[in-house]
Amino acid sequence: MDFEFTREQLMFKEEVIRFAKKEIAPRCAEHDLKGEFDLESFRKMGEFGILGLHFPEEYGGQGADVVTTVMAGEALGEAGVDGGLTLAYGAHTFLCADTLFRHGTEVQKRKYVPKLASGEWIGCMGLTEPGAGSDVASMTTEAVKQGDKYILNGSKIFITNGPIADVAVVYAKTDPTAKHAGISAFVVEKGTPGYTTGEPLKKMGMKTSVTSELFFNDCEIPAENLLGQEGMGFLMAMETVEWDRSALLAPFIGSGAFLLKKCTDYAKKRIQFDRPIGKFQAVKHRLAEIRIMTEAARGLVYRIAWCKDQGRPLNHLEAAVAKLFVGDWSLSPSNDAMLIFGGYGYCHEYDVERVFRDSRLAPIGGGTSDIQKMIISRLM
Amino acid sequence: MNYDFTEAELLFAGEVEKAAAQMPLAPASGTFFSNAEIKAALGLLAKTPYLAVGLDKSAGMGAVIHMASMESLASLAPSMALCVEMSTRVFGRLLAAHGSDVAKEKVLKPLLAGNLVGAVALSEGAMNVENDPFSTQGLEQGDGFSVTGAKNWVVNAPAADVIAVAGRVGDKVAFFLVPAGAPGLLVEAPATTMGYEAAPLSGLSLENCAVPRDMILGPFDAKTILAEARELENLVLLGLALGAMKSAFGQAKAHAKSHKSGGKPIIAFQEVGFKLSEMLTMLQASELLAFRAAWLAEKGDKATADVLLCAKVFVAECAEKVTGEALRILSGAGWTGTGPAQGAFRNAKWSQIAGTSTEIARVKIGDSALGYK
């Protein structure tokens, strides 16, 4: 067992940090306060190669391994990129583009993946429904085959990138009598008659990612828009969820390093009782907590990335453990950071306030912490 | 990067587990393990490369599989694991790194063969975050030193063949290798302790105790050698804490699967199943962090000091949480039974207070982040 990153991986991480600090991070606060998606930054991420990092070059990617891909996510967090933009990137690249890449026909892959890898198009995934969150099998969105078409009816909720997506991977029941085995996946393009999106939801955090409902009212899509085979949707969703529980967690690890830097800078400058607050043990303890939690989370997330690189998909236990840990324990660093900053930390103009709000999604999105506990206890 | 152990490493780990399974949980008579009982355990391990890991490159096994094996040893025979590791990995590694040829021949050789028990006497009143100068000191006398002072909480002291006593030589620090029974050495009676009850631990004092020059490690720059000794001890404490978690978690999980309530195993209740999920998450996070700390230390990476302290705090505190939760799941079966969880709960505290205490570790991590080193 060894934990060595290659020289190339480390250099790439530094490159991403430099790029993100210069091109993206300075724009985050403004977009967060407005609650707007930062399309310019998103496109720059595409130009830099982040959006399609792990896809082969022939599909517009960089051919990177999963560990490097996770490192890029960590680097974005470390550079201070807001959670909303990293969430938009995660939903776009892993939940949408990766599913198309893994299960699409050659025609589908050629049509969608390069555009998604470059950021020319934006992708989203429609899985969750008002009545079907973690209980995916109870989804009611249906896809009925009629000749060479499928007719979709139903709705999806909490869809990251929903209002801005050019293409969506949508899960629907092709056999309503079957549970998991009745779920199939489809590609639905923006502008398809019968496909509409709701107004962006107003959220506590992740404000620069736009989230909405998707509606399908007699939405006709060509039969060739089926991804893979009928009934394979649940398995695809499970593969996708593993990204939720690895690559999408990486920015949270990075934000630990970001918070630590912000807090140490502040603690050295902020004078109270005639000395920098960093001289007080209570403040040192909070700084230590941020570092400790960041270090503890890192191994769990990279373990899944490494397993994926070894061709071992569906590491359910390891993925659930990582998600549970990062989800529940990532809250404390952002809380510690806010307490170090005191009243300033409560104000929008300080980054720690944004990170605090953004971190609240970690134990919710991609399967709540309670769902992870359910998975782990069943696998025991 | 590689998260798997090799086949050879797994085979080695299996051998260590077999040896650990043969070790006594408590002394055959009396309250504490005797010198002979510890040597018997060392003898079992000497049949594997275990004792040589970190001391002799011929061991062929690295720090990470050692950490994993130490976890198994500590889960199966916790008190003996403490005795073995303080003798081998703290005393032995200091000796292997800094001992004279004579010391290596006289002490290290039998140690590696499982025929010698060592101890390290470090703690005294002045051992704090600032590492104030020791009161124990060695004064040059003839072809050696005369050592005078007192030490607290020395694991293995009552059973050790040789004790490495840390003391001041001018403004530097040396370890004096003092054999059991040396004139001027007074080892106190073993203390009764909250955990690791069978591991003999005591204070000791030295009064003009003569130590030949070739039985001295150092003298060294105080800060450097104390950091090295603490690093070795902290690594051991990680392995012990992992072992406590592993054994308590294992007992709680087995109980939750076999004990029924309302006609179903209690693991089927979310109150229990979810608790076990949190425990497993803490255990796995702890393992990976401890493994990485051991790996960094073996490489001599500059991140070692900070990551090891992070691991020390995290793993030691998770150990208390996991063992505590195990007892809640086990309920009366944990309170009254003979399973490992109740002992693990008591043992877990040691990893927090020994070595660099978790509170001091936090201060050091904070100082490092602030650049206040």
Side-chain angles (χ1 to χ4, degrees), chain A residues 1-6 9 65 67 260-261 263-265 267-268 276 278-300 302-307 309-310 317-318 320-326 328-329 369-370 372-380, chain B residues 1-6 9 62 64-65 67-68 253 256-257 267-270 272-278 280-296 299 303 306-307 309-315 317-318 358-359 361-372:
Chain A
M1 191 177 280
D2 82 76
F3 303 91
E4 192 89 69
F5 293 108
T6 66
Q9 285 170 329
D65 55 33
V67 168
L260 189 60
K261 177 77 172 65
C263 289
T264 51
D265 288 348
K268 282 193 276 193
K279 293 284 183 187
F280 292 98
Q281 287 190 337
V283 172
K284 291 179 189 178
H285 275 214
R286 290 196 188 282
L287 295 170
E289 291 299 331
I290 296 171
R291 175 81 195 267
I292 291 163
M293 289 308 147
T294 306
E295 295 296 344
R298 188 170 279 129
L300 294 170
Y302 279 102
R303 178 172 62 168
I304 305 165
W306 181 82
C307 283
D309 276 333
Q310 306 313 301
L317 179 69
E318 292 82 358
V321 163
K323 175 67 171 61
L324 175 61
F325 187 85
V326 176
D328 277 8
W329 295 59
S369 291
D370 283 348
Q372 305 315 314
K373 289 176 195 173
M374 191 184 287
I375 293 167
I376 297 166
S377 65
R378 282 177 182 168
L379 290 171
M380 274 193 271
Chain B
M1 184 173 278
N2 188 345
Y3 277 80
D4 282 343
F5 289 118
T6 65
E9 286 173 328
V64 181
I65 189 63
M67 183 62 76
K253 187 174 86 167
K257 284 181 164 182
I267 194 171
F269 294 96
Q270 290 188 339
V272 175
F274 282 23
K275 214 182 280 303
L276 283 164
S277 300
E278 290 168 5
L280 181 64
T281 298
M282 283 189 264
L283 173 58
Q284 292 199 352
S286 295
E287 284 175 334
L288 289 175
L289 186 52
F291 291 168
R292 191 157 70 90
W295 175 78
L296 287 169
K299 281 203 322 163
D306 285 350
V307 175
L309 289 174
C310 286
K312 173 68 162 57
V313 175
F314 182 79
V315 177
E317 294 186 354
C318 279
T358 48
E359 303 316 291
R362 282 189 170 88
V363 170
K364 285 174 175 284
I365 296 165
D367 278 343
S368 173
L370 288 157
Y372 287 169

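Heavy-atom basis, side chains included; hydrogens, waters and symmetry copies ignored. These numbers were taken from a predicted model, which means no experiment stands behind them. Every chain is numbered from 1, with letters handed out A, B, ... down the list of sequences.
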In terms of the angle between their ring planes, are B/Y3 and A/F3 parallel, tilted or perpendicular, with boundaries placed at 30° and 60°? perpendicular
Of A/R378, A/M374, A/K373, the one forming a side chain to side chain contact (heavy atoms under 4.5 Å, CB included) with B/S277 is A/K373
Whatever's closer than 4.5 Å to a heavy atom in chain A on B/Q284 counts as both
Contacts satisfying salt bridge (charged side-chain N to carboxylate O under 4.0 Å, His left out) that involve residues 280-289 of chain B (not counting sequence neighbours) are none
Note: vs chain A, highest number of non-hydrogen pairs under 4.5 angstrom among B/K257, B/E9, B/E359 is B/E359
Under a 4.5 Å cut-off applied to non-hydrogen side-chain atoms, are B/D4 and A/M1 in contact? no
* To do: Using atom types as modelled and distance alone, determine if a side-chain donor or acceptor of A/K284 lies under 3.5 Å from a backbone N or O of B/L370.
  => no
Okay, B/L289 and chain A: the region with an atom under 4.5 Å from a heavy atom over there is side chain
Correct closest heavy-atom pair for B/A285 and A/A296 would be CB-O, 4.3 Å
Does a side-chain heavy-atom distance below 4.5 Å link B/R362 with A/E289? yes
When rounded to the nearest 0.5 Å, the distance separating CG of A/D65 from CE of B/M1 is 9.5 Å
- Hey, does B/Q270 have a side-chain heavy atom less than 4.5 Å from the side chain of A/S377? no
Honestly, the part of A/D370 sitting under 4.5 Å from a heavy atom of chain B is both
Heaviest contributor of heavy-atom pairs below 4.5 Å to chain B, chosen from A/Q9, A/Q310, A/R303, is A/R303
The interface call for B/K299 against chain A, heavy-atom contacts under 4.5 Å, is side chain
The interface call for A/F5 against chain B, heavy-atom contacts under 4.5 Å, is side chain
Pair count under 4.5 Å, heavy atoms only, with chain A: among B/W295, B/F274, B/F291, highest is B/W295
In this structure, OG1 of B/T281 is separated from CD of A/E318 (nearest 0.5 Å) by 11.0 Å
From the list B/I365, B/L288, B/N2, the residue making the most non-hydrogen contacts under 4.5 Å with chain A is B/N2
Whatever's closer than 4.5 Å to a heavy atom in chain B on A/L300 counts as both
Could you tell me if the side chain of A/F325 sits less than 4.5 Å from the side chain of B/M282, heavy atoms only? no
Whatever's closer than 4.5 Å to a heavy atom in chain B on A/K261 counts as neither
Under 4.5 Å to a heavy atom of chain A? For B/Y372 that would be side chain
Applying a strict 4.5 Å limit to non-hydrogen atoms, the region of A/I290 in contact with chain B is neither
To the nearest 0.5 Å, atom CE of A/M380 lies from atom CG of B/L276 at 4.5 Å
